[in-house]
Amino acid sequence: MITCVRGTRDILPDEIHLWHLVERESAAIFDRYGFEELRLPIFEVTELFARGIGDTTDIVEKEMYTFTDRNDQSLTLRPEGTASLVRAYIQHQLYKDGGTRKLYYAGPMFRYERPQKGRYRQFYQIGAEVLGPDSPGVEAEVIDMLMLLMDRLGIGDTRLWINSIGCPACRPAFLAVLQEREQAAAGRLCADCVRRIAANPLRVLDCKNPDCQDTINSLPSILDYLCAPCRSHHERLKKHLGLLGIAYHENPRMVRGLDYYVKTTFEITSGALGAQNSLLGGGRYDGLVEQLGGPPTHGFGFALGLDRFVLALPEAVRAGSRPVPDVHLAPLGETAQELAQVVAARLRRAGFAVSQDFQDRSLKSHLRHANRLGVPRVVIIGDAEAEAGQAALKSLITGDQILVPLTELEAVLRQQPAEKE
RNA sequence: GUGGGUAUAGCUCAGCUGGCAGAGCACUGGAUUGUGGCUCCAGGUGUCGUGGGUUCAAAUCCCAUUACCCACCCCA
């Protein structure tokens with residue numbers, strides 16, 4: 001048997017309505033905030049990601065699906081969406097079309113990682129980006145949009161974490177101090193931390209080893225080393241969040257895995273997810289457009305993990321049943337099948353969701369089947385009905401049954417809408 | 001890349017110190033010649049993940065391997 005490859009999965013009809021729900025709500029809410037969708041290719045030239053994400057990040061160093069096509073060009077299945085979006089923004093000169101562009105995308109991303117709860121090699125993201133303005137108000141607006149989305153989906157038990165990781169003007173000085181202090185404290189840190197001191201001193205702050213926590217807490221905070229513009233930006237963001245009544249946790253130890261972030265970074269975690277508890281994450285990337293060959297442009301955005309949103313949906317929503325037809329046709333015999341087919345076509349054109357059973361089964365079997373489907377009403381057409389040009393319309397909720405001329409079925413169904421379960 | 005756990009029917013899982021392959025759910029038919037749900041009866045079609053080994057005999061014990069799950073790591 002051939003199965004889907006490791007880290008990929010089939011999303012079956014039982015689950016897909018949850019995905020539709022998240023996709024529908026996201027699109028509706030993003031639209032309300034003025035975001036426009038664009039669709040991006042699933043693979044790009046490898047260089048785009050190396051330059052955009054940073055070629056020393058884990059993603060680029062060891063997680064990309066890179067291959068050579070028949071023209072010996074190095075291509076990569078996209079591991080994230082922002083680089084592609086910015087490429088499109090530059091390629092089509094969207095910056096010439098007004099000051100601010102608000103764009104969003106959705107689709108599969110690919111990273112070669114060990115699969116785990118909420119982590120797959122092909123996973124799905126919806127991301128939105130605001131290109132143009134530098135305002136903390138934009139950041140608060142985007143976060144507000146996400147709060148509304150999660151509220152609409154019933155996703156609770158979440159926390160918003162914010163941080164500022166400074167900018168090229170202030171971060172290098174902080175990193176130098178941090179590294180120095182970490183080296184001095186190396187004796188009290190775990191082996192992983194010691195290794196990170198040289199490789200990526202920021203990562204030490206993110207260590208979860210309980211024995212390291214006291215030491216890490218004594219390390220300097222980036223927030224104390226921000227330059228004046230960064231500090232002001234951060235304070236204004238907090239003020240805007242306060243105005244919107246959005247609760248946040250400031251976390252100077254939060255670190256992002258992509259090189260392009262500056263100033264504001266944020267993340268929303270969920271208690272419903274397990275170890276991979278990040279529902280979404282994002283931040284500001286003021287230098288990225290320029291770095292990829294565009295004009296100097298401010299950028300702010302996020303990506304949300306669709307797989308994780310679906311996992312975090314509350315039980316009440318998850319338990320929601322699949323959509324069921326409005327009416328089920330149960331024809332008995334060949335003549336009745338033919339009649340029913342025509343009836344089904346007519347009812348569908350009239351807007352009803354109709355299922356017709358083409359299996360030659362007993363009436364009892366038809367009804368049992370309809371009952372399992374949760375269909376509220378069944379149209380029974382047997383020999384007697386067929387001859388008289390009628391059908392028996394039975395409600396599976398009340399058990400009532402009436403004879404209706406086939407030509408009037410549509411009108412009767414419309415007049416007496418049945419309550420679904 | 002590193003750990004731990006799991007793998008038996010469509011699904012969820014029992015199956016003990018080796019001895020005929022099981023249950024519940026689901027599905028099909030019947031009890032009711034054309035009326036569902038509740039109840040009762042009947043119905044299994046499975047390379048016991050894969051490959052070796054031990055044994056008279058392996059789902060069970062041993063070795064290897066693959067996949068899945070969870071965690072580290074990293075991130076959405």
Side-chain angles (χ1 to χ4, degrees), chain A residues 1-9 12 14 22 53 57-63 78-82 106-127 146 190-193 195-196 199-200 203 206-209 254-258 265-270 273-283 301-312 328 330-333 336 359-386 392-401 421:
Chain A
M1 182 174 52
I2 296 176
T3 59
C4 61
V5 308
R6 180 159 214 204
T8 70
R9 61 188 174 139
L12 300 178
D14 269 347
V22 176
I53 300 169
T57 57
D58 279 4
I59 293 176
V60 172
E61 270 190 340
K62 48 190 191 194
E63 295 177 1
R78 61 183 183 188
E80 60 110 40
T82 301
M109 306 293 163
F110 305 85
R111 292 182 202 170
Y112 188 90
E113 292 186 275
R114 194 80 168 256
Q116 201 179 317
K117 185 182 177 73
R119 188 171 76 185
Y120 306 94
R121 289 181 174 178
Q122 175 174 337
F123 60 104
Y124 296 82
Q125 287 189 335
I126 301 177
L146 291 166
C190 69
D192 279 338
C193 281
R195 185 172 48 78
R196 292 184 191 117
N200 190 341
R203 280 261 160 253
D206 211 27
C207 181
K208 278 133 198 151
N209 188 328
M254 183 174 67
V255 170
R256 308 256 82 214
L258 292 80
T265 59
F266 75 104
E267 184 169 330
I268 293 177
T269 57
S270 161
L273 288 184
Q276 307 303 314
N277 65 354
S278 180
L279 272 175
L280 62 92
F302 67 87
L304 70 81
L306 201 38
D307 311 76
R308 293 181 186 177
F309 260 62
V310 169
L311 269 177
H328 182 74
L332 306 169
Q359 291 185 65
D360 191 24
R361 57 209 317 180
S362 67
L363 178 56
K364 175 208 292 274
S365 168
H366 271 302
L367 288 171
R368 190 181 306 174
H369 184 64
N371 191 61
R372 295 243 167 79
L373 288 177
V375 182
R377 288 183 293 193
V378 179
V379 170
I380 303 163
I381 305 176
D383 291 338
E385 290 87 355
L393 175 61
K394 181 184 176 75
S395 164
L396 290 187
I397 295 163
T398 63
D400 295 342
Q401 185 171 326
E421 290 282 314

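So you know, we letter chains A, B, ... as the sequences are listed, proteins then strands, and number each from 1.
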Visitor: Please list, chain by chain and in numerical order, all residues satisfying side chain to side chain contact (heavy atoms under 4.5 Å, CB included) with A:E113, sequence neighbours excluded.
Guide: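 Listed in chain order: A:E63, A:R111, A:R119.
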Visitor: Mind checking side chain to side chain contact (heavy atoms under 4.5 Å, CB included) for A:K364 and listing every partner two or more places apart, or none if nothing turns up?
Guide: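 If we apply the side chain to side chain contact (heavy atoms under 4.5 Å, CB included) test to A:K364, skipping adjacent residues, the hits are A:S362, A:R368.
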Visitor: If only atom types and distance count, is the side chain of A:R308 paired as donor or acceptor with the main-chain N or O of A:L280 below 3.5 Å?
Guide: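 Side chain of A:R308 to backbone of A:L280, a donor-acceptor pair under 3.5 Å: no, none is there.
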Visitor: Output all residues satisfying side chain to side chain donor-acceptor pair (under 3.5 Å) with A:E385, sequence neighbours left out; order by chain, then residue number.
Guide: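 For A:E385, no residue satisfies side chain to side chain donor-acceptor pair (under 3.5 Å) once neighbours in sequence are set aside.
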Visitor: With rounding to whole Å, what would you report as the distance between B:A23 and B:G43 at their C1' atoms?
Guide: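 Comparing C1' positions in B:A23 and B:G43 gives a spacing of 16 Å.
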Visitor: Using whole Å, what does the distance between atom C1' of nucleotide B:G10 and atom CG of A:D14 come to?
Guide: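 Going from A:D14 (CG) to B:G10 (C1'), I get 12 Å.
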Visitor: Can you name the residues that form a side chain to side chain donor-acceptor pair (under 3.5 Å) with A:E80, not counting sequence neighbours?
Guide: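 Counting only residues at least two positions away or on another chain, A:E80 forms a side chain to side chain donor-acceptor pair (under 3.5 Å) with A:Y260.
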Visitor: Does the side chain of A:H369 come within less than 4.5 Å of A:H328's, by heavy atoms?
Guide: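 Yes, their side chains come closer than 4.5 Å.
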Visitor: Ignoring hydrogens and angles, answer whether the base of B:G36 and the side-chain atoms of A:N371 contain a donor-acceptor pair closer than 3.5 Å.
Guide: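 Side chain to base: pair found, below 3.5 Å.
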Visitor: Sticking with atom C1', work out how far B:A76 lies from B:A64, rounded to a whole angstrom.
Guide: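 So the two C1' atoms sit 37 Å from each other.
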Visitor: In whole angstrom, give the distance that lies between atom CG of A:L393 and atom C1' of B:U35.
Guide: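 Answer to the nearest Å: 14 Å.
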Visitor: Which sits closer to the 5' end of RNA chain B, A:I268 or A:T8, going by the nucleotide each is nearest to?
Guide: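 Mapping each residue to its closest nucleotide by heavy atoms, the 5'-most match is A:T8.
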Visitor: What is the distance from atom CD1 of A:I53 to atom CG of A:D58, rounded to the nearest 0.5 Å?
Guide: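 Separation between the atoms: 11.5 Å.
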Visitor: Write down the distance between CD1 (A:I59) and P (B:C74), rounded to a whole number of angstrom.
Guide: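 Value for this atom pair: 12 Å.
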Visitor: For B:C56 and B:G51, measure between their P atoms and round to the nearest Å.
Guide: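 Their P atoms lie roughly 23 Å apart.
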Visitor: Treating primed atoms plus P, OP1 and OP2 as sugar-phosphate and everything else as base, which nucleotides of nucleotides 24-34 of chain B get B, S or - for protein heavy atoms under 4.0 Å?
Guide: ---SSSSBB-B
Visitor: Please give the distance between the P atoms of B:G29 and B:G37 as a whole number of Å.
Guide: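 Taking atom P in both B:G29 and B:G37, they lie 12 Å apart.
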Visitor: Expressed in whole Å, how much space separates the C1' atoms belonging to B:U45 and B:U8?
Guide: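 B:U45 and B:U8 have their C1' atoms separated by 16 Å.
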Visitor: Checking A:Y120 now: which residues fulfil side chain to side chain donor-acceptor pair (under 3.5 Å) with it, not counting sequence neighbours?
Guide: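 For A:Y120 there are no side chain to side chain donor-acceptor pair (under 3.5 Å) partners, ignoring immediate neighbours.
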Visitor: For A:S395 and A:R377, which heavy atoms make the closest approach, and how far apart are they?
Guide: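 Between these two residues, the closest heavy atoms are CA-CG, 4.1 Å.
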Visitor: Just the table, please: protein N/O against nucleotides 39-49 of chain B N/O, every pair under 3.5 Å.
Guide:
none

Visitor: Both A:T57 and A:D400 contact RNA chain B. Which one's nearest nucleotide lies toward the 5' end?
Guide: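 Residue closer to the 5' terminus by nearest nucleotide: A:D400.
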Visitor: Just call it for A:A303: base, sugar-phosphate, or nothing, with non-hydrogen atoms closer than 4.0 Å on any strand.
Guide: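 Sugar-phosphate contact only.
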Visitor: Whole angstrom is fine here: how far is it from CG in A:L396 over to P in B:G37?
Guide: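 In whole Å, B:G37 P and A:L396 CG are 11 Å from each other.
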Visitor: Please report the C-alpha distance between A:V5 and A:R121 in whole Å, then the side-chain angles of each, then the deciding distance to 0.1 Å, and finally whether the side chain to side chain contact (heavy atoms under 4.5 Å, CB included) criterion is met.
Guide: CA-CA 9 Å; A:V5 308; A:R121 289 181 174 178; over 6 Å; no
Visitor: What closest approach, in Å, do A:L311 and A:G118 show between heavy atoms, and which atom pair accounts for it?
Guide: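 Minimum heavy-atom separation between A:L311 and A:G118: CD1-CA, 3.8 Å.
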Visitor: Using a 4.0 Å heavy-atom cut-off, does A:K394 contact any base of the nucleic acid, only the sugar-phosphate backbone, or nothing at all?
Guide: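 It contacts base atoms.
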Visitor: When you compare B:U47 with B:C11, how far apart are their P atoms, in angstrom units rounded to a whole number?
Guide: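 Comparing P positions in B:U47 and B:C11 gives a spacing of 12 Å.
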Visitor: Quick one: which protein N/O atoms are closer than 3.5 Å to N/O atoms of nucleotides 69-72 of chain B? Pair and distance per line, please.
Guide:
{"residue": "B:C70", "atom": "OP2", "partner": "A:K117", "partner atom": "N", "Å": "2.6"}
{"residue": "B:A71", "atom": "OP1", "partner": "A:A275", "partner atom": "N", "Å": "2.9"}
{"residue": "B:A71", "atom": "OP2", "partner": "A:Q116", "partner atom": "NE2", "Å": "3.2"}
{"residue": "B:C72", "atom": "N4", "partner": "A:R119", "partner atom": "NH2", "Å": "3.4"}

Visitor: How would you list, by chain and number, every residue that makes a side chain to side chain donor-acceptor pair (under 3.5 Å) with A:T57, sequence neighbours excluded?
Guide: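 Per chain and number, A:T57 pairs via side chain to side chain donor-acceptor pair (under 3.5 Å) with no residue.
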Visitor: Expressed as a whole number of angstroms, how long is the span from A:E63:CD to B:G1:P?
Guide: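 Roughly 13 Å, once rounded to whole Å.
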Visitor: Provide the distance between the two C1' atoms, one in B:A31 and one in B:C25, to the nearest whole Å.
Guide: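 Straight-line distance between the two C1' atoms is 22 Å.
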Visitor: Where each pair must be Watson-Crick or G-U wobble with both distances under 3.5 Å, what dot-bracket representation of RNA chain B is obtained, with crossing pairs in [ ] and other-strand partners as |?
Guide: (((((((..((((.....[..)))).(((((.......))))).....(((((..]....))))))))))))....
Visitor: Which heavy-atom pair separates A:Q276 from A:K117 by the least distance, and what is that distance?
Guide: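 Smallest interatomic distance, heavy atoms only, reads CG-O, 3.3 Å.
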Visitor: For a quick check of understanding: with a heavy-atom distance under 4.0 Å over all strands, which category does A:G333 fall into, base, sugar-phosphate or nothing?
Guide: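 Counting heavy atoms under 4.0 Å across all strands, no contact is made by A:G333.
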Visitor: Could you pull out all residues at least two apart from A:R9 that satisfy salt bridge (Lys or Arg N to Asp or Glu O under 4.0 Å)?
Guide: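 A:R9 satisfies salt bridge (Lys or Arg N to Asp or Glu O under 4.0 Å) with A:D307 only.
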Visitor: Specify the separation, in whole Å, of atom NZ of A:K62 and atom C1' of B:G1.
Guide: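 In whole Å, B:G1 C1' lies 8 Å from A:K62 NZ.
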Visitor: Can you tell me if CG on A:N371 sees more than 12 non-hydrogen neighbours from other groups inside 6.0 Å?
Guide: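 For A:N371, atom CG is crowded (more than 12 foreign heavy atoms under 6.0 Å).
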Visitor: Atom CZ of A:R308 and atom P of B:C74: how far apart are they, to the nearest Å?
Guide: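 Rounded to whole Å, this separation is 14 Å.
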Visitor: Any N/O pairs under 3.5 Å between the protein and nucleotides 6-9 of chain B? List them or say none.
Guide:
none

Visitor: Should the pair A:F302 and A:F266 be assigned to parallel (<30°), tilted (30 to 60°) or perpendicular (>60°) ring geometry?
Guide: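 Because their plane-to-plane angle is over 60°, the rings of A:F302 and A:F266 count as perpendicular.
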Visitor: Determine the interatomic distance between P on B:C27 and the same-named atom on B:G10; round to the nearest Å.
Guide: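 Approximately 15 Å lies between the P atom of B:C27 and that of B:G10.
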Visitor: Indicate the atoms forming the closest heavy-atom contact of A:I381 with A:A336, along with that distance.
Guide: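 It is O-CB, 3.2 Å.
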Visitor: Report the distance from atom NE2 of A:H328 to atom P of B:G37, rounded to the nearest whole Å.
Guide: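 So the NE2-P distance, A:H328 to B:G37, works out to 15 Å.
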Visitor: Supply the atom-to-atom distance A:R372 CZ to A:L367 CG, rounded to the nearest 0.5 angstrom.
Guide: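 Going from CZ on A:R372 over to CG on A:L367, the span is 12.0 Å.
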